[in-house]
Amino acid sequence: MSNRIQIAIDRGGTFTDCLGRIPPTKQGEAPTDIVIKLLSHDPANYNDAPTEGVRRILERAYDVSIPRGQKIDTSNIEYIRLSTTVATNALLERKGERHALVITKGFKDLVQIGNQSRPSIFDLAIKKPEVLYSGVLELDERVTLVGYTSDPNAADNAVQFHEANGDDPHSTQISRPYAGTDQPPSAYDEHGKRTGAPEIVRGVSGEAVAILKKPDEALLRRQLHALYHDHGYRSLAVVLMHSYTYPVHEQVVRRIALEVGFHTVSCSSELMPMIKMVPRATSATADAYLTPVLQAYIDGFFAGFAPTLRSGEAGTKVEFMMSDGGLTSVDHFSGLKSIISGPAGGVVGMALTSYDAEDGRPIIGFDMGGTSTDVSRYAGEYEQVLETTLDGITVQSAQLDVNTVASGGSSRLFFRNGLFAVGPESASAHPGPTCYRKGGPLAITDANLVTGRLAVEMFPKIFGPNEDQGLDETASRQAFEALADEINAHTAGTPLSVDEVAQGFIRVANEIMARPIRALTEARGYSASKHVLASFGGAGGQHACSLARSLGIETVVIHRYSSILSAYGMALADRVFERQEPCSETWTGAEGPSRVRIEKRVDQLRDAVRGELEAQGFAKERIELETLLNLRYAGTDTALMTSQPPGGGWHFERSFQERYKQEFGFVLSDRDIVVDDIRIRGTGKSFDTLGQTVLAEYRSYQGEWKQVDTTPLAVRKVFFDKQRLETPVLQLDSIPAGTQINGPAILVDTTQTILVEPNCTAHTTTNAVLIHILYD
């Protein structure tokens with residue numbers, strides 16, 4: 001067995017979490033894990049946090065010295081799995097690549113017009129949505145839909161055009177479908193101008209498509225040349241009408257643009273071949289805006305290694321976490337697929353370590369990091385969305401359903417208009433909260449520190465000019481004293497103490513973080529109290545008990561790698577490859593004629609996905625394929641991606657109706673169901689089993705729990721509600737599995753602090769801490 005190290009890295013907004021795993025050399029042995037946690041931005045000590053994380057892991061794993069700045073030898077690395085917030089931050093901060101939009105003539109304002117939604121309908125100061133592109137090129141091309149036909153040879157038959165198209169329906173000539181050759185069809189001259197009846201072909205979706213106007217390639221080349229050389233654009237977004245079913249014209253633009261010299265060409269038909277043009281357009285512009293930034297970062301990361309990671313000379317695989325929770329190679333990674341790259345790793349880690357099928361309770365993932373908190377839900381399968389809005393930009397791309405709120409350990413604290421306010425501004429990693437010794441502002445981490453909820457003795461000593469100092473409690477207390485004086489000067493009644501002020505900010509933060517949980521549960525018809533709360537992220541353990549109590553949740557699971565669970569999730573994640581095609585069929589049931597046609601296309605897509613994963617090195621028995629249909633009721637515009645029923649049956653309508661009723665509270669039983677898209681998701685399995693689940697191990701003790709017999713590291717007074725209580729600080733690594741700990745207590749290890757509040761009981765298992773919230 002190879003003992004080359006496996007590395008997974010999650011680059012968050014404040015901290016970068018790194019997990020190095022050396023596989024066992026003998027069957028039955030446990031792997032050796034190396035955990036590294038460092039600031040994501042520390043320009044005084046290193047340029048790139050993930051590269052620095054790899055360097056430190058290799059130094060510890062092989063007991064060698066690797067000077068900073070020296071290219072890192074990759075010969076001892078089996079793989080590096082990486083998630084990054086580079087693209088997300090570029091979008092939020094509007095620091096993406098300047099690019100141009102190529103769009104069908106007459107639609108240059110499409111993205112600005114958008115879908116006319118008014119989220120703040122009563123706001124008198126109307127703000128038009130931003131666009132990401134800087135210039136527009138209108139392409140004189142046009143195709144139109146004639147209608148759907150189930151006959152594969154219909155493109156060769158005469159199709160009567162509506163008179164509104166300007167055609168004589170009695171003289172329509174049909175040419176053979178255009179196959180992408182240099183010879184234009186008979187209906188066009190050498191410039192692509194229409195000279196006779198249009199060519200009619202069968203689109204990808206099965207709809208008959210009439211080609212009214214082909215692009216003039218010579219003119220297009222001159223226009224793209226001007227964009228590149230005269231205006232300095234290096235990135236393009238290409239969005240043409242009906243390209244979801246007829247992508248040929250977008251492919252023409254892509255080919256010529258690459259020949260001209262453009263580095264990035266984002267075609268909407270490749271990114272997400274779905275019918276809606278507006279979200280396709282915003283997705284393509286987002287990809288053209290973010291991919292160059294992402295690629296520049298990846299190139300910079302690769303440059304720190306020798307042999308280069310991109311070349312694969314040393315046999316080191318580099319995989320990236322996509323927004324849908326799957327891993328992919330650098331060749332298939334793009335800005336659009338990376339928007340929630342980091343949180344997706346956490347969802348995978350939460351699902352694989354916390355869910356217990358026998359227990360049956362769904363899991364709420366509560367990922368509290370430094371900059372933000374991400375909330376997700378898992379009930380046996382990953383919940384995904386195909387359309388999401390981030391900072392005013394709506395994108396159409398498969399993503400795990402993650403709700404994010406700007407409340408984390410580095411969220412800044414303010415007293416505004418007589419109210420306590422937390423965030424959305426963040427102290428980030430640089431300068432960080434006040435206690436980070438960089439002169440930063442007050443943040444939630446400072447509030448936890450002054451109330452005694454953080455064990456200063458165990459917090460990583462990575463601060464100060466030499467990265468060898470711990471948190472500065474004195475600075476945090478002094479800043480809170482000044483803030484308490486300001487608050488008391490503006491409020492009547494009994495003056496608030498420093499503890500009460502800090503506790504007030506913690507309560508506000510907890511309420512902000514509870515809102516997205518309620519949106520994922522109660523707003524969708526689920527009771528939050530019937531879930532298990534899986535808490536992770538660097539700051540999650542300090543807030544888990546309070547948050548669970550506010551939601552009525554009884555059980556909290558905190559994995560031993562909770563502070564680096566996104567990195568751990570990537571180490572466990574599977575390689576994913578997907579193919580999707582538009583369909584435009586009316587569903588006629590499991591035994592109807594539409595099923596036969598759809599099944600044929602499904603089989604073709606499954607073969608293509610399986611072939612790609614086999615080419616990536618996965619054996620057939622380690623490949624799993626999932627069939628999904630994007631279904632909606634006729635006359636509506638809300639489609640739900642519906643998985644094939646268990647056992648491989650074709651009664652998709654049942655699954656769709658159940659989900660539709662859960663989502664909206666009713667079904668439209670008198671409406672036809674339309675199939676908008678066919679999607680095949682292929683998974684190359686990374687492992688067979690993780691062994692016994694946390695809840696299964698908990699049940700195995702059958703109430704026979706040991707009491708803590710280890711000496712506390714310290715006993716400190718922690719502020720709870722209106723008083724400070726003596727609270728032991730216990731070294732988590734020294735507490736054996738099967739131990740019960742009554743709150744209040746603080747459990748610590750090298751990367752996390754878990755606060756067990758009064759009226760809570762913690763139980764240790766092999767890989768986690770399970771906390772019961774006691775209610776009167």
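We number each residue from 1, following the sequence as shown.
A donor-acceptor pair under 3.5 Å links the side-chain atoms of Ser535 to the main chain of Gly540, judged by distance alone. Counting only distance, with no hydrogens or angles, the side chain of Lys37 and the backbone of Ile564 share no donor-acceptor pair below 3.5 Å. Listed for the Arg622 side chain is a donor-acceptor partner under 3.5 Å among the backbone atoms of Lys685. Remark: the backbone N or O of Gly409 is paired with a side-chain donor or acceptor of Thr445 at under 3.5 angstrom. The closest donor-acceptor contact from the side chain of Asn45 to the backbone of Asp42 lies at 3.5 Å or more, if one exists at all. A donor-acceptor pair under 3.5 Å is formed between the side chain of Asp287 and the backbone N or O of Leu336. Remark: the backbone N or O of Phe320 is not paired with any side-chain donor or acceptor of Arg81 at under 3.5 angstrom. The closest donor-acceptor contact from the side chain of Ser341 to the backbone of Ser323 lies at 3.5 Å or more, if one exists at all. No donor-acceptor distance shorter than 3.5 angstrom exists from the side chain of Lys337 to the backbone of Ser397, with no hydrogens or angles considered. For Ser566 (side chain) and Gly345 (main-chain N/O), no donor-acceptor pair under 3.5 Å exists by modelled atom type.
A heavy-atom distance below 4.5 Å is not found between the side chains of Thr291 and Phe333. Residues Cys18 and Leu38 are in side-chain contact: their nearest non-hydrogen atoms beyond the backbone lie under 4.5 Å apart. You'll find the side chain of Thr16 reaches within 4.5 Å of the side chain of Ile9, heavy atoms only. No side-chain heavy atom of Glu319 sits under 4.5 Å from any side-chain heavy atom of Leu82. Contact check for Ile746 versus Ile754: no side-chain heavy atoms found under the 4.5 Å cut-off. When side chains are defined from C-beta on, Asn47 does not count as touching Glu52, because their heavy atoms never get closer than 4.5 Å. In this structure the side chain of Gln707 never reaches within 4.5 angstrom of the side chain of Ile741, judged on heavy atoms. Counting only heavy atoms from C-beta outward, the side chains of Ile553 and Val532 never approach each other to under 4.5 Å.
Residue Asn742 places its CG atom among more than 12 non-hydrogen atoms of other residues, nucleotides or ligands, all under 6.0 Å distant. More than 12 heavy atoms of other residues, nucleotides or ligands sit less than 6.0 Å from atom CZ of Arg606.
For the atom pair Leu628 CG and Ile680 CD1, the distance stands at 7.5 Å (nearest 0.5 Å). Here the CG-OG1 distance, from Asp733 to Thr710, works out to 11.0 Å after rounding to the nearest 0.5 Å. Here the CZ-CD1 distance, from Phe305 to Ile77, works out to 6.0 Å after rounding to the nearest 0.5 Å. Rounded to the nearest 0.5 Å, atoms CD (Glu697) and OG1 (Thr765) are 4.5 Å apart. Between the CE atom of Met513 and the CG atom of Asp367 there is a distance of 11.5 Å, given to the nearest 0.5 Å. If you take CD1 on Ile57 and CZ on Arg21, they are separated by 12.0 Å, rounding to the nearest 0.5 Å.
Inspection of the Gln542 and Thr753 side chains reveals no N or O donor paired with an N or O acceptor under 3.5 Å. Inspection of the Tyr561 and Asp17 side chains reveals no N or O donor paired with an N or O acceptor under 3.5 Å. Side-chain contact, Arg377 with His531: a donor N or O sits under 3.5 Å from an acceptor N or O. Side-chain N/O atoms of Asn767 and Arg560 include a donor and acceptor closer than 3.5 Å. Under the 3.5 Å distance criterion, with hydrogens and angles disregarded, a donor-acceptor pair is assigned to the side chains of Asp10 and Ser83. Counting only N and O atoms by type, the side chains of Ser643 and Glu626 include a donor and acceptor under 3.5 Å apart. Looking at Ser329 and Gln616, their side chains never bring a donor and an acceptor atom within 3.5 Å of each other. Side chains of Arg453 and Thr727: a donor-acceptor N/O pair is absent below 3.5 angstrom, by distance only.
Ring-centre distance between His41 and Phe15: not below the 6.0 Å cut-off. The six-membered or imidazole ring of Phe536 lies away from that of His559, with a centre-to-centre distance of 6.0 Å or more.
With Val330 as the fixed residue, the side-chain contact (heavy atoms from CB on, under 4.5 Å) test singles out one of Ile298, Leu294, Asp299: Ile298. Checked against Leu747 for a side-chain contact (heavy atoms from CB on, under 4.5 Å), the options Ile558, Leu755, Ile735 give a single hit: Ile735.
In terms of heavy-atom proximity, Gly326 sits nearest to Val576 at CA-CG2, 3.4 Å. Residues Ala534 and Ile363 come closest through the heavy atom pair CB-CG2, 3.5 Å. The two residues Ala762 and Val756 have their closest heavy-atom pair at CB-CG2, 3.9 Å. Minimum interatomic distance between Glu578 and Ala398 (heavy atoms only, all atoms of both residues): OE1-CB, 4.3 Å.
Ionic pairing of Glu59 and Arg56 is not present here: no N-O contact between side-chain nitrogen and carboxylate oxygen is shorter than 4.0 angstrom. Lys317 has no carboxylate O lying under 4.0 Å from a charged side-chain N of Glu78, or vice versa, which leaves the two without a salt bridge. With respect to the salt-bridge test (charged N to carboxylate O, under 4.0 angstrom), the residues Arg681 and Asp324 qualify. Checked for salt-bridge contact, Glu358 and Arg699 meet the test: a charged N lies under 4.0 Å from a carboxylate O.
Note on residues 336-379: pairs passing ring-ring contact (aromatic ring centres under 6.0 Å, His included), not counting sequence neighbours, are Tyr355-Tyr378, Tyr378-Tyr382.
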Apply side-chain contact (heavy atoms from CB on, under 4.5 Å) to His543 and Asn448, showing your working. CA-CA 9 Å; His543 295 257; Asn448 281 316; 3.1 Å; yes

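Ring pair His763/Trp705 is tilted by interplanar angle, where 30° to 60° counts as tilted.
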